[in-house]
Protein chains: 2
Amino acid sequence: MQSKSIETAVKGSLSAVSEREAVSTIYLVACGGSLAQMHLPKYAIDRNSSTITAEVFSSAEFIARDPVRLGSSSVVILCSSSGNTPETVAAAAFAREKGAYTIGLTTEPESQLAKTADYAVPYVSAPLIGDQDAPSAVILRIAFGIVNHREKSPKAAALLAALAKVEGISAAAQKAHSEDAKRWGEANKRESIIYTMASGSNWGVAYSFSICILQEMQWIHSQAIHTGEYFHGPFEITDFDTPIILLLGLGPSRQMDERARRFAEAHSKNVLVLDACKFDLEGVDPEVAEYIVPLVFQPLMRIYAVELSERRGHPLTVRRYMWKMEY
Amino acid sequence: MQSKSIETAVKGSLSAVSEREAVSTIYLVACGGSLAQMHLPKYAIDRNSSTITAEVFSSAEFIARDPVRLGSSSVVILCSSSGNTPETVAAAAFAREKGAYTIGLTTEPESQLAKTADYAVPYVSAPLIGDQDAPSAVILRIAFGIVNHREKSPKAAALLAALAKVEGISAAAQKAHSEDAKRWGEANKRESIIYTMASGSNWGVAYSFSICILQEMQWIHSQAIHTGEYFHGPFEITDFDTPIILLLGLGPSRQMDERARRFAEAHSKNVLVLDACKFDLEGVDPEVAEYIVPLVFQPLMRIYAVELSERRGHPLTVRRYMWKMEY
């Protein structure tokens with residue numbers, strides 16, 4: 001379901017940006033799980049815009065790096081679910097001071113980010129089923145909208161149509177995977193390290209699963225390995241029992257994922273492959289399918305996380321440090 | 001020592017670039033340990049250029065992503081020690097087809113990369129002591145040279161002067177750390193996971209140590225954690241005995257490193273801090289010190305790797321897959 005208030009805000013932000021000078025760079029700035037949402041919109045801009053550059057930065061790095069190019073021709077899109085992540089609020093203020101136009105995504109309209117950014121856009125945080133109002137989807141709509149305004153992208157309409165189908169595709173995928181998720185959770189409940197692998201449009205999903213689900217919520221060691229980089233170092237860690245979750249995406253990066261899959265499955269008996277080709281993408285324009293796949297993978301991986309956490313007796317809500325102390 | 005042939009090639013590549021249309025983007029493209037060398041030049045461009053964007057891509061991802069902006073106003077700098085990394089050679093050919101100017105760094109002048117790129121530049125591969133002819137230093141000289149040609153950077157002369165001092169700074173740092181490296185190697189020889197942490201100009205050094213030294217050469221699990229991202233997920237993995245190597249850099253990102261250090265040391269007894277403030281930077285302009293610090297950290301970490309590997313009876317040269325089979 002598409003929220004009217006979100007759609008109104010997306011359109012409002014696009015209208016505000018269109019009234020300014022031409023955008024040369026879109027900076028995508030956030031921390032942790034919200035930062036992970038930024039890789040999909042960057043991927044889409046890279047593959048579709050001839051005039052706009054996209055850069056992804058963790059909020060504190062963005063301020064410390066202080067990019068010289070940040071200025072009046074920049075749009076900075078920031079995201080924080082609570083809207084009170086200090087580094088992200090500071091990054092919004094920093095970017096405004098530099099003359100950039102700032103769009104703050106947050107689920108809390110009264111939060112500091114909503115108040116600090118030039119324009120606040122709401123979203124649905126970590127939906128259990130894929131949603132065109134999930135953070136990376138909303139940021140994608142804004143980023144693609146800015147590109148389309150400038151360049152009249154031939155894919156813009158197809159992308160919006162595909163986004164409207166995400167919920168159904170995701171619900172079907174989760175149903176199809178429910179037994180596999182239980183088996184995987186049981187088989188891996190004693191593992192102390194689990195790697196994730198992805199590339200292309202799905203990189204942020206793997207990063208998010210490694211740092212937010214495995215390290216943060218399960219205290220399981222992890223690294224998100226890029227499937228292209230795997231062969232240039234990380235693959236040497238692969239032993240017969242190394243646990244790996246590999247996302248087989250769509251689009252031109254799939255061949256990297258397939259190469260990594262062949263190697264990983266030949267040398268480890270514990271490779272979980274989640275394959276976007278098995279999603280029911282009927283009616284989705286193949287030209288834009290790669291952009292909606294991460295919106296299906298992210299909540300799909302969540303059901304694997306839930307099954308794992310239940311069998312480990314370690315709820316996904318447990319923290320030892322986060323929100324419990326000063327840091 | 002600066003190699004005259006390298007300096008001649010750096011100048012030649014700059015001269016060739018200056019004869020072309022204005023550069024809008026420098027793509028920095030390589031795999032694994034060579035990719036890690038690209039983060040320093042990107043950092044320097046971000047912090048110093050008002051007109052040029054820098055993008056870092058793993059070679060196969062670069063081709064798959066096929067950035068629309070890649071074209072005649074792009075310079076693509078590629079790096080492969082052997083010059084025969086298939087993805088990087090393919091990326092050079094791909095970029096040339098798109099009309100970009102390609103500069104290939106390799107230690108083998110007869111290699112495919114040297115022959116495929118528009119211009120080949122040699123470098124000193126993985127020097128045991130920091131060197132202005134190390135790959136990230138040579139790429140930094142080229143990238144900064146392109147920026148300086150366009151924008152007359154006030155830091156250009158100071159940077160070259162600082163690079164000339166890297167060898168002495170590095171030799172002194174390694175001498176100062178030799179006993180600590182032995183102790184650390186002995187204390188950590190049974191660890192199955194070791195994290196690295198860094199930010200800013202040192203990010204590539206941490207990435208390289210995690211994927212090339214620990215995973216590839218030692219079969220030790222690892223992840224390079226950004227010190228700013230640490231607090232948004234990864235810090236929950238920190239237990240009283242979690243092994244962490246943290247690089248305390250210079251420049252504005254140091255405060256992120258210091259925050260991560262405070263937390264990590266408060267919650268783990270096994271944090272190795274390598275502090276750039278302890279390097280003898282006398283005579284180095286403080287404005288450019290942050291750019292040479294990674295050139296000292298990388299070989300410094302190598303002596304820790306050597307001590308670790310010797311005590312584990314696992315030489316840094318051992319591989320189970322790399323170069324031993326088709327993959």
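Labels below follow one simple rule: chain letters A, B, ... track the order of the sequence lines, proteins then strands, and each chain is numbered from 1.
Contacts of A:Y43 with chain B are made by both backbone and side-chain atoms, with heavy-atom separations under 4.5 Å. Neither the backbone nor the side chain of B:M217 comes within contact range of chain A, judged by heavy atoms closer than 4.5 Å. Only the backbone of B:N48 comes within contact range of chain A, judged by heavy atoms closer than 4.5 Å. Within the 4.5 angstrom heavy-atom criterion, only side-chain atoms of A:E87, from C-beta onward, approach chain B. Using a 4.5 Å cut-off between heavy atoms, A:A30 contacts chain B through its backbone alone, with no side-chain atom that close. Proximity to chain A (any heavy atom under 4.5 Å) is shown, for B:R65, by both the backbone and the side chain. Residue A:H226 touches chain B through its side chain alone, counting heavy-atom pairs closer than 4.5 Å. B:E55 touches chain A through its side chain: at least one heavy atom from C-beta onward sits under 4.5 Å away, while N, CA, C and O do not. Only the backbone of B:A54 comes within contact range of chain A, judged by heavy atoms closer than 4.5 Å. Contacts between B:I193 and chain A at a heavy-atom distance below 4.5 Å involve the side chain alone, from C-beta outward. Residue contact with chain A, scored on non-hydrogen atoms closer than 4.5 Å, involves the side chain of B:M256 exclusively. Only the backbone of B:I220 comes within contact range of chain A, with heavy atoms under 4.5 Å apart. At a 4.5 Å heavy-atom cutoff, the contact between B:Y327 and chain A is made by backbone and side-chain atoms alike. Only the backbone of B:S49 comes within less than 4.5 Å of a heavy atom of chain A; no side-chain atom from C-beta onward does. Only the side chain of A:F57 comes within contact range of chain B, with at least one heavy atom under 4.5 Å from a heavy atom of that chain. Only the backbone of B:I52 comes within contact range of chain A, judged by heavy atoms closer than 4.5 Å. Contacts between B:T51 and chain A at a heavy-atom distance below 4.5 Å involve the backbone alone (N, CA, C, O). Looking at B:F62, there are no atoms closer than 4.5 Å to chain A (heavy atoms on both sides), in backbone or side chain.
B:S153 places a side-chain heavy atom less than 4.5 Å from the side chain of B:F144.
If you check the side chains of A:S81 and A:S125, you find a donor sitting under 3.5 Å from an acceptor. A donor atom on one side chain and an acceptor atom on the other are not found under 3.5 Å apart for A:T88 and A:S80. Checking A:E216 against B:H232 by side-chain atom types alone, no donor-acceptor pair falls below 3.5 Å. When only modelled atom types and interatomic distance are considered, B:S58 and A:E229 share a side-chain donor-acceptor pair under 3.5 Å. Using modelled atom types and a 3.5 Å distance limit, the side chains of A:T53 and B:R69 yield a donor-acceptor pair. Defined by atom type and a distance below 3.5 Å, a donor-acceptor pair is present between the side-chain atoms of B:S210 and B:T196. At a cut-off of 3.5 Å, with distance as the only test, a side-chain donor of B:E151 or B:S50 sits close to an acceptor on the other residue. Looking only at atom types and distance, the side chain of A:S222 has no donor-acceptor partner in the side chain of A:Q215 under 3.5 Å away.
When B:M325, B:M322, B:H221 are compared by the number of non-hydrogen pairs under 4.5 Å with chain A, B:H221 comes out ahead. Most heavy-atom pairs under 4.5 Å with chain B: of the set A:S24, A:G32, A:P67, A:G233, this distinction falls to A:G233. For the options B:T25, B:D239, B:D66, B:T85, heavy-atom pairs under 4.5 Å to chain A are most numerous at B:D239. Interface check for chain A: of the options B:A60, B:S192, B:G228, the most heavy-atom pairs under 4.5 Å are formed by B:A60. When the candidates B:T238, B:I225, B:I63 are compared by the number of heavy-atom contacts under 4.5 Å with chain A, B:T238 comes out ahead. Residue with the most contacts toward chain B among A:S59, A:C31, A:S199: A:C31 (heavy-atom pairs, distance under 4.5 Å). In terms of non-hydrogen atom pairs under 4.5 Å with chain B, the most contact-rich of A:P252, A:A266, A:G251 is A:P252. For the options B:F235, B:F263, B:W219, B:Y321, heavy-atom pairs under 4.5 Å to chain A are most numerous at B:Y321.
With A:E61 contributing its side chain and B:G200 its backbone, the two residues share a donor-acceptor pair below 3.5 Å. Of the possible polar contacts, none joining the A:E265 side chain to the A:V271 backbone as a donor-acceptor pair under 3.5 Å is found.
Look at B:R47 and B:E290 and you find a salt bridge, because one of the NZ, NE, NH1 or NH2 atoms lies within 4.0 Å of a carboxylate O, short of that distance. For B:K42 and B:D46, the salt-bridge test passes: some basic side-chain N is under 4.0 Å from an acidic carboxylate O. A salt bridge links B:R254 with B:E258: at least one charged nitrogen is closer than 4.0 Å to a carboxylate oxygen.
Smallest separation of non-hydrogen atoms from A:L316 and A:A305: CD2-O, 4.1 Å.
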